[in-house]
Amino acid sequence: MKNSRRQCMILSVAGAFTSLLNDKIQAQPMVFEADPQAIKLGYKMDASKIDKLRYGTYVTGQRCNNCSFYQGKPGSGVGGCALFPGRQVAAPGWCLAYAK
Ligand code: SF4
């Protein structure tokens with residue numbers, strides 16, 4: 001009984017911590033196309049609007065949420081990116097560093 005209560009408290013604390021962490025991730029600012037690093041990488045928030053003449057490496061269907069650098073949850077509209085630490089990119093976005 002005592003162990004069960006302890007496990008329950010641990011799970012409760014872990015749940016609260018996870019919730020706080022999720023809130024923190026949600027609160028991370030977005031990467032905007034005008035950000036200096038975004039300009040260098042040709043980041044666009046909507047891959048369907050990529051200028052294919054300017055960005056010849058872009059292939060239709062490439063999006064942040066199917067890039068190996070993307071850290072967002074499936075189904076989420078935004079998520080982290082390893083190349084933009086502490087910020088979030090748009091799931092339908094794209095940049096020159098895209099990696100399958
Ligand atoms: Fe999107 Fe991938 Fe570029 Fe990050 S590295 S901005 S996830 S395409």
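Excluded from the calculations below are hydrogen atoms, water molecules and symmetry mates; all remaining heavy atoms, backbone and side chain alike, are included. As the structure lists them, so they are numbered: ligands from 1, and atoms in each ligand from 1.
Proximity to Y43 (heavy-atom distance under 4.0 Å) selects the following atoms of ligand 1: 6 (S). Ligand 1 places these atoms under 4.0 Å from at least one heavy atom of C81: 4 (Fe), 5 (S), 6 (S), 7 (S). For ligand 1, the atoms closer than 4.0 angstrom to any heavy atom of L83 are 5 (S). Taking every heavy atom of C64 and a limit of under 4.0 angstrom, the matching atoms of ligand 1 come to 1 (Fe), 6 (S), 7 (S), 8 (S). Taking every non-hydrogen atom of F84 and a distance limit under 4.0 Å, the qualifying atoms of ligand 1 come out as 6 (S).
Among the atoms of C67, an N, O or S atom is found under 2.8 Å from atom 2 (Fe) of ligand 1. Taking backbone and side chain together, C95 holds no N, O or S atom under 2.8 Å from atom 4 (Fe) of ligand 1.
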Derivation of the ring-ring contact (aromatic ring centres under 6.0 Å, His included) call for Y43 and W94: CA-CA 6 Å; Y43 171 74; W94 181 87; 9.4 Å; no
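In terms of modelled atom types and a separation under 3.5 Å, the side chain of Y70 and the main chain of G80 share no donor-acceptor contact. The closest donor-acceptor contact from the side chain of Q37 to the backbone of L83 lies under 3.5 Å. A donor-acceptor contact shorter than 3.5 Å links the side chain of N66 to the backbone of G61. Side-chain atoms of D51 come within 3.5 Å of backbone atoms of L53 as a donor-acceptor pair (strictly under, hydrogens ignored).
With hydrophobic clusters built from ILVMFWY side chains whose heavy atoms lie under 4.5 angstrom apart, Y58 does not share a cluster with M45.
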